[in-house]
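One structure is given here, and the rest of the page talks about it.
Here the structure is a predicted model, which means the values were calculated and not measured.
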Amino acid sequence: MKAPSWSPRFTLTPAIARGLMQIEAARALVEHTPLPPAAEAELRAHARVRAVHYSTFIEGNRLTMSQAKAAIADANLQIAGRERDVSEVRNYWNALLRVEDWARRKSRSLRS
């Protein structure tokens with residue numbers, strides 16, 4: 001039995017086509033514009049902190065975003081009653097760094 005064909009309920013107008021071409025041109029520009037290394041490093045670090053916080057939070061970690069950031073930045077930071085949470089955040093952070101390092105090494109070895 002043949003599956004019914006799907007027919008979209010829109011019309012591709014010249015205005016929509018122009019909009020799509022503008023979006024594609026902007027995407028290509030962004031894709032080919034290199035970020036300064038410092039900006040890229042800052043964005044990666046910020047994204048990594050957010051990933052650590054939210055990933056551990058959904059597993060029951062009770063640290064706030066600012067507490068998680070502080071725990072990562074200060075190896076001596078202690079939060080009373082949250083020792084396990086602080087340790088979990090630091091361990092997750094170190095695991096992410098390790099995975100990124102492995103991926104970087106793997107990428108280099110594939111290019112060689």
Side-chain angles (χ1 to χ4, degrees):
M1 181 170 157
K2 187 176 180 181
S5 64
W6 178 74
S7 297
R9 295 181 189 192
F10 66 88
T11 303
L12 188 59
T13 65
I16 291 173
R18 274 192 308 277
L20 290 170
M21 289 188 310
Q22 288 173 339
I23 291 169
E24 177 58 25
R27 185 194 65 77
L29 179 66
V30 168
E31 189 174 85
H32 293 95
T33 301
L35 280 175
E40 183 178 352
E42 184 178 336
L43 288 171
R44 283 186 188 279
H46 182 71
R48 199 180 297 121
V49 168
R50 292 175 65 86
V52 167
H53 168 68
Y54 288 119
S55 294
T56 56
F57 183 79
I58 63 172
E59 294 295 331
N61 191 294
R62 298 169 294 165
L63 296 184
T64 65
M65 177 73 76
S66 60
Q67 288 173 324
K69 189 173 185 177
I72 292 164
D74 182 358
N76 296 317
L77 177 74
Q78 295 181 8
I79 301 174
R82 300 283 193 261
E83 293 84 3
R84 180 190 136 315
D85 293 334
V86 168
S87 177
E88 181 180 37
V89 162
R90 287 183 182 141
N91 289 338
Y92 198 100
W93 175 264
N94 290 329
L96 280 181
L97 293 178
R98 170 80 47 100
V99 167
E100 288 178 12
D101 184 48
W102 288 337
R104 200 170 20 261
R105 288 180 193 191
K106 178 80 171 177
S107 178
R108 280 190 217 137
S109 71
L110 292 174
R111 284 186 261 151
S112 304

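- In this structure, Phe57 is not a member of the same hydrophobic cluster as Leu77, with clusters built from ILVMFWY side-chain heavy atoms closer than 4.5 Å.
- Here CG of Asp101 is found 14.0 Å from NZ of Lys106. Values are rounded to the nearest 0.5 Å.
- No side-chain donor-acceptor contact under 3.5 Å links Thr13 and Thr11.
- Here Leu20 is tied into one hydrophobic group with Leu12, Ile16, each link being a pair of ILVMFWY side chains closer than 4.5 Å.
- Listed by first then second residue, pairs satisfying side-chain hydrogen bond (donor to acceptor under 3.5 Å, both in side chains) with a partner in residues 49-60 read Ser55-Tyr92, not counting sequence neighbours.
- At least one donor-acceptor pair under 3.5 Å links the side chain of Asn91 to the backbone N or O of Ser87.
- The salt bridge (Lys or Arg N to Asp or Glu O under 4.0 Å) pairs that include a residue from residues 3-15 number zero, where partners must be two or more places apart or lie in different chains.
- Formation of a donor-acceptor pair under 3.5 Å by the Arg48 side chain with backbone atoms of Leu96 is not found in this model.
- Within the structure, salt bridge (Lys or Arg N to Asp or Glu O under 4.0 Å) pairs that include any residue of residues 78-89 comprise Arg62-Asp85, Arg84-Glu88 (at least two apart or interchain).
- Side-chain atoms of Asp74 do not come within 3.5 Å of backbone N or O of Ala70 as any donor-acceptor pair.
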With a cut-off of 3.5 Å and sequence neighbours excluded, list every side-chain donor-acceptor pair involving residues 27-47.
residue, atom, partner, partner atom, Å
Arg27, NE, Glu24, OE1, 3.1
Arg27, NH1, Glu31, OE2, 2.9
Arg27, NH2, Glu24, OE2, 2.6
His32, ND1, Ala28, O, 2.8
Thr33, OG1, Leu29, O, 2.5
Glu40, OE2, Arg44, NE, 3.2
Glu40, OE2, Arg44, NH2, 3.0

Exercise for review: Decide side chain to side chain contact (heavy atoms under 4.5 Å, CB included) for Val86 and Gln67; before the verdict, give the C-alpha distance in whole Å, the side-chain angles of both, and the deciding distance to 0.1 Å.
Suggested key: CA-CA 8 Å; Val86 168; Gln67 288 173 324; over 6 Å; no

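- In the hydrophobic clustering, where aliphatic and aromatic side chains (Ile, Leu, Val, Met, Phe, Trp, Tyr) are joined below 4.5 Å either directly or transitively, Phe10 stands alone.
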